[in-house]
Each structure stands twice: as structure tokens, then as C-alpha cells.
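Quick notes on the structure that follows.
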Amino acid sequence: MDDLPLFSSATAPPVLIDDVPATVYEKPELNDPQRLAVENCDGPLLILAGAGSGKTRVITYRIAHLVQNGVSPFRIMALTFTNKAAAEMKERASEILRGQRVNSWISTFHSACLRILRKDADRLNYPKDFTVYDANDQSRLIKACLAELGLTDKEHPARQLGSMISRYKSAGKGPVEAENEYRAHRDEVFARVFQLYETNLQKSRCMDFDDLLAKTVTLLRDHKPVRDYYTDRFTHLMVDEFQDTNGVQYDLVKLLTGPDKNICVVGDDDQSIYRWRGAEVGNFSRFERDYHPKIIKLEQNYRSAGNILKAANAVVSKNLDRKEKKLWTGADDGELIKVYTAEDEVDEAHFVANTIKSALNEGSRSLNEFAIFYRTNSQSRTFEDALRRNGTAYKIFGGLKFYDRKEIKDILAWFKAILNPFDLVSFKRIINTPPRGVGTVTVEKLEELAVENGLPLIHAIEDEKIVDQLSLGASKKVHALAEIIGKLRAITESSPAVDAIGSALTETGYLTWLEEEEKSEARTRMENLQELENAAEEFAQTNGDTTMSAFLDHASLLSDADNVDEQAGSVKLMTVHVSKGLEFPMVFVTGLEDKIFPHARSLGDPAQMGEERRLMYVAMTRAREVLHLTHARSRRIFGVGQRNKPSEFLADIPPAVCKLDSSHPVYRPTGYEGPRKAPIYKPAVPQNRIPSGAAAPVKTEGGFAIGMKVVHKTFQVGVIRKIDGVGEKCRLTIYFPRFGEKKLIKKFAGLLQA
């Protein structure tokens, strides 16, 4: 391998990077397929990169190779999915080029689109300083649309409607398609809400997260001068994590690809796990049809021990519609995979916590080396309890993001409203936060006066003639609010974002309000606001931009994975979806039971079942050295005890690479210790046996029972709590974790047994 030349053109002229000539860097240690992927830079290329096969290394060396061979960094674009991955690529490319800053576009899809729209959004009848709505803002706007249509959030959950809107936009569809495709009353309501939502979004001069992609595609497709500018500028395009692209992202990449078709996509169909948010694993086949690319496979894994890879390969190989490849490693087989059969979810959590504690006590591991994965966030509680009981520090990822916390959104809403006076969602958030006695009737009157005078609401509040038309008491309160807005506008326009945030905390009375609260979370909220100031200062130092508008863009584009610090001194808890792109020395994959992992929603759906299998593959290949797999004989789900079969994924693992872990006694609060009774693949209790202490299920004519899990098209998985009546009059009371309790007529509910 050392005899191979580094690059095909060692005599290429030096390229100026920030006015500093690029020097020839040392030969990297690449395996043969990696080297081929680095050096093949002319024409379309598809790199099938298995987990841990060094794809980031290949992409960054590919950038360096292009630069060394005469391509200006200015003409290179690399797209990925997280800010963390983009930052890593930039840093590595700079290191390869001896510390020189690479001024290529290396960013997330959304960041690149926002950058394009900030330059040319006016061609789409949007101001260039439009506001970006996150999921929380979107939900508030949808609730306002529901109210305008005389509908309620209880009947038509805003979160559910938001997810449906996102799926349509990810497929390149809008309200017109939704109206053409509806088949039932529920779909008709969605189409109406979707249309009004889009209208109000446009009026507010705002775009949601999906719009950043969709409207950039519209801009490039419908405005040839804009498209030509980017295809002329970027002669080489690279796309990371191609398996996660949706239809709109594929169209975006196609529109950005220049006439020479110097496009390289890197991905792994075995790690396509975001179908639920629009990702299309079929984009690989589409790319092959459209571009007829060279194909290079990266199959040597540099992360996981041999036994882990053998097990992961065995699980994912059951998917028939995958591109053939098999990960291998030059490392040792390592430890056998440990499989633990718990009595229940408490015993499972105790086993995991005690295994971690034992490793820590032995001094062989540090806190940052452990990760606990689960299929859904609701499974985290028992692990938190067990870790707290042992005094083990932990941190949960994938829950409420920092910028989604109420106090953070409250303060940032002031600046969103100031910078975009048409942003009603943000402005209505701040009118009475903290409380200042401006009532609903007053706000409605102000809205009427604003419309009459052709002004945005925030400008109407600052107009003394308009405010003086209110009652004396109301006008005083509104004038006080206008004074705060004026002060914050002045400092926002003249000072760095960190100073503006500090002023907002005091001028709005928000800190005083929190200090006067007796609730225990007030202190945490104040600490979070202090961290917001730190975040603004850190952003300014890192990016050289102190403006509030830039900081707001940054805050709106962060993802869950961007917040995970793999080196932090704590055990990491997260869903498998959040774990993608991370790696840890010791991993616990928990809850491996039928209807949990794989999820109940995958029942009877081959496409969803294939994704669940890929999700298991991702979970297993996050482990470098030690992998624990756990399942429980019984588990309480939504307050109801259940006995599920072990996950079929466990049966896929070759017996030679795993062993049953019986080193820990069964945990019982009374201190009972005893041997486990059943091997992992044969549960001791038949699946249809009623859990101990549970009431016998009440059967109905339709075969449903109290305590039974069911699947609903809209409300997803729930548990039957009550059954009234029989036959056509049968009414079921069902608890759905995401939507609360619903009463449904069995005849029309379209329920499936989970």
C-alpha cells in the first residue's frame, strides 16, 4: 500500500487558499478502496461506505486531493446532515492542508439552502431577512390556523398535522396535491389547514424547516440565472449520508450538479433509518439511473471488534432489497456479545447500571465510554432511576433540545419579532411573557387597528395614535411594552447578540419574574438563560459574526446529534436514531422485544420492518469493543403489564459470537436474588398468558380486550382502557401516549391489534 502514489498529479500548480499557497501534504494511510475513492474525481461517483469504514476521512482527503490538483476550494461544495459532521470535515480538511482555512461550502443541506435564500429569496417574493420557524413555532401557527377554521387542537393535533405537512413538503408536494389526494374527512381537514398554514406563513414572511429545502429547489428550478451561478461556481459537489436524503434533497443535488457531473455521493443503504421523515433509500437506484456512476465499496471497518461485525452483518443481511456488501475488520474478534434476559424492565435497568458500576469500580472504564440505547424515549425512566440509585452520572440526549426550552424561546422570540415585524407567532408569544396585563380583548382590538392602518401588529403597538384609541388602563400597559420593544430594537441594531440578550433579560423583566417564582425549575431556567448568553458569545468567536440575525439562523439549524459530546464525563442515554454517527467503547442495546424493537408500527409492513432491521444494525455498529443486548420477559407499557416475545433480531445472531449473561442476580426491591429460569430464545411464560396480578381481559365481539395494545392510523400505538357496549355500538376508550385518551367507535376506528 505504501508504494502507491498519493495522487495522480503530483505536479499540479499551487492553489491560493486565503492568499496562502497550498503545500503538498504528507501521504495519508488509506486502504486501496479509500485511495480509489479519493483519486476518482472526474465524473459521477457512488461510494458505498459501510459503518466505520472511514467515509469522513475519504471525503476530507478528497477535498485536499482536489485542492492539490488545481481545484480552487471556492469551487467545492460538500453537503451533510449535522453541523457537527460539517465542522469535523472543515477541521480535518484544514489539518490536512497544514492549518490553512478551506473556504469551501462544507455545510448541512439546510445551512446551504438558507445561505442561498438569504441572497435570492426576493425572487420568490420573500424578504431576504425572513424568519425560520422551528417545529415549536410551526405547531403554534397550526393551532392558530385551526382556531381560524373553527377547529380544535384536541380533535386535530397540531403536532400530527405538522408531521403530515412535513412529509408532503419532503416529497415536493404542497396544499394543491393534498387537496387532490384526500379521501376522507380527516384528509379534507388536513388539506384546509395546510392551505391556510401556507398562506399565513407567507403573510408572516416566514419559512419552516422544510421550506428551506423546497423553496431553494423552486428557486434553482425556476430561475436559470441563479442556477447557472451555482453550477458555474461549484465544479465539484460531494454529498455525505446520501441514504438520508429525501426527494427534495435529491432534486436539490441534481440542480446544483454542473455540466461535467463531478458529483460524488457517499452513503450506506444499510444505515437508512429516517423513512419516517421522508428519507428515500431508493435514491441510490435513482442516482445510478440518472448518472451511471462509478461505484466503489468501502467494506473494511475500523471501529468495531470482529464479533460485533459478524452479528451486525447477520441481522442486516436478512433485508433482501439491499446492495450487497459485507463489513470486515483486520482487528481481533474481541469479546463475545453478551445477551441478558431480564425478568422485567426494572431488572433490565438494574443489570445495565450495575454492569457499568462494576466496570467503573475495576478502573477499566471511564464514564464517557458507556452508552445506553433504546427504541423510544419512554424507555429511559427506569435506566435513570437505576443510575441515580448507583450514584452514576448520566445525560440524556434526544429529549427537549436547548433551543426548544420555553425560557430560551421566550427570549429569542423578542428578537424574531423585532427583526421580522410580520412574525405574529413570535410577537404574540412575548406580549404577556412575562405577564404584563395586556388582555386578549386588547390584543384583538390592536390587531383590528393594525389592519385598518396597514401596519404589522408590532408597529401598531409603537404608534401612539393607534394605542391611544384603547382604554386608559390598556394604553398605559401597551405603551410600556412599546418602550421595551424600542430599547431592544436599538440595541439589536447596534450591539452584538450577546449584549442584546443580556439587555432583554433585564429590560423585559424576565429575570425578575423568574427570581420571584417559588417553583424549583426557576433556578434551572435562569441557568439556561445564562448559557444562552454563553452560546451567543461562543458563536461570535467561532464564526466571526456578532449579529442577532446570524445567531438566530444558527439556533434554528441545530439538530439533536449536534448536542452530543461523546467525551463528556457521563453515561449517555439516547434513542437509536440519535446515536447514528456516534461510537462508544461499550454499548447497551435494550428493550429487544417483539413490538418494542422492532416497533409495533412495523407489523405487517415489509418496508417498515426493513427499516427496523437497519436501525438494529446501526445500534450494534456504534459499539467499538463491548456490546450488551438486553430484553425482558415482562414489561409495563403505558401502565399495563405485557409479555412479549424476544426480538427476532436476537435469533438472527450466530450463536458462536454471543453468550447468555447470567453473572447478575435478578433484581428485586426486597433483595431477592435467584437464578433466571429461561434461555433467551424461549420465554418461560407463553405470550398469551396474563401477567401476574392483572385482571382477566374482557373480550368483545371484535376480539379486543382491556389492556390490549392497538394501532390507529392517526394516533399510532395505544392501550385499550375501557370497553362500552357491543357490536356496532361498541365504544373503546384508548390511551395514546402522544395524544392522550380518545373515545372511538370500534366500527369506524380501523384499529389493528399491535
Side-chain angles (χ1 to χ4, degrees), residues 82-84 134-136 159 273-274 276-277 342 345-357 359-360 365-409 520-521 523-525 527-532 534-535 555 558-592 596-597 599 615 618-619 622-623 627-630 632 635-638 737-738:
T82 67
N83 292 286
K84 187 175 183 179
D134 61 18
N136 189 290
R159 283 183 59 185
I273 60 173
Y274 294 115
W276 52 276
R277 70 183 188 194
E345 73 275 15
V346 177
D347 180 30
E348 177 185 51
H350 185 266
F351 162 76
V352 172
N354 271 14
T355 301
I356 292 172
K357 185 177 181 180
L360 290 171
R365 299 280 180 190
S366 57
L367 279 169
N368 64 303
E369 296 186 48
F370 302 98
I372 303 171
F373 300 159
Y374 32 78
R375 180 62 180 82
T376 61
N377 279 308
S378 62
Q379 295 169 246
S380 71
R381 183 192 60 80
T382 54
F383 296 109
E384 293 182 68
D385 291 344
L387 291 168
R388 279 197 300 265
R389 190 184 302 117
N390 281 358
T392 304
Y394 69 90
K395 188 169 183 180
I396 296 180
F397 297 92
L400 188 63
K401 292 187 289 186
F402 177 77
Y403 290 102
D404 283 344
R405 298 181 187 278
K406 181 184 183 302
E407 60 275 14
I408 304 300
K409 293 191 70 64
S520 58
E521 64 264 24
R523 172 57 57 185
T524 301
R525 289 184 175 182
E527 291 172 354
N528 287 338
L529 291 170
Q530 183 179 12
E531 183 58 30
L532 179 63
N534 295 338
L558 289 177
S559 66
D560 289 336
D562 292 324
N563 298 321
V564 181
D565 181 359
E566 293 156 280
Q567 301 306 314
S570 59
V571 176
K572 314 299 185 297
L573 279 70
M574 65 191 76
T575 64
V576 181
H577 281 102
V578 174
S579 77
K580 188 168 175 293
L582 307 176
E583 58 182 72
F584 303 92
M586 185 181 290
V587 167
F588 297 83
V589 183
T590 65
L592 286 167
I596 296 177
F597 196 1
H599 197 280
L615 193 59
V618 166
R622 299 311 95 193
L627 177 61
H628 290 269
L629 308 176
T630 68
R635 185 181 299 272
R636 294 187 70 80
I637 305 292
F638 314 143
R738 292 182 60 186

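Any value given below was found using the heavy atoms of this structure, including those in side chains, with hydrogens, waters and symmetry copies removed. Here, residue 1 is the first one in the sequence, and each next residue gets the next number. The structure displayed is predicted, hence computed values, not measured ones.
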Check the orientation of H577 and Y274. Use parallel for under 30°, tilted for 30 to 60°, and perpendicular for over 60°.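 Correct class here is tilted.
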Mind telling me whether F383 and Y374 have parallel, tilted or perpendicular rings, with 30° and 60° as the class edges?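 Correct class here is parallel.
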If I compare all heavy atoms of [X] with all of [Y], which pair ends up nearest, and what's the gap?
| X | Y | value |
| --- | --- | --- |
| A353 | A386 | CB-CB, 3.7 Å |
| G569 | A393 | O-CB, 4.1 Å |
| T376 | T575 | C-CG2, 4.1 Å |
| V618 | S579 | CG1-OG, 4.3 Å |
| A619 | V587 | O-CG1, 4.2 Å |

Is there a side-chain contact between [X] and [Y] in this structure, where contact means two heavy atoms from C-beta onward sitting under 4.5 Å apart?
| X | Y | value |
| --- | --- | --- |
| I372 | Y394 | no |
| M586 | E369 | no |
| F597 | F373 | no |
| N528 | K406 | no |
| N368 | F584 | no |
| H599 | L615 | no |

Distance alone, cut at 3.5 Å: any donor-acceptor contact between the side chains of T630 and E348?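 Yes - a donor-acceptor pair under 3.5 Å links their side chains.
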Taking L573 as the fixed residue, which of V352, V578, T590, I396 is the one that meets the side-chain contact (heavy atoms from CB on, under 4.5 Å) rule? I396
Has the side chain of K572 got a donor or acceptor atom that lies under 3.5 Å from a matching backbone atom of S570? yes
Take a 6.0 Å sphere around CZ of R388 and say whether it holds more than 12 heavy atoms from other residues, nucleotides or ligands.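 Counting neighbours around CZ of R388, more than 12 heavy atoms of other residues, nucleotides or ligands fall under 6.0 Å, so yes.
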More than 12 heavy atoms of other groups within 6.0 Å of Q530 CD: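 12 or below, so no.
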R525: which residues meet the side chain to side chain donor-acceptor pair (under 3.5 Å) condition with it, sequence neighbours left out? none
May I ask you to say whether D385 pairs ionically with R389, meaning some side-chain N is under 4.0 Å from a carboxylate O? no
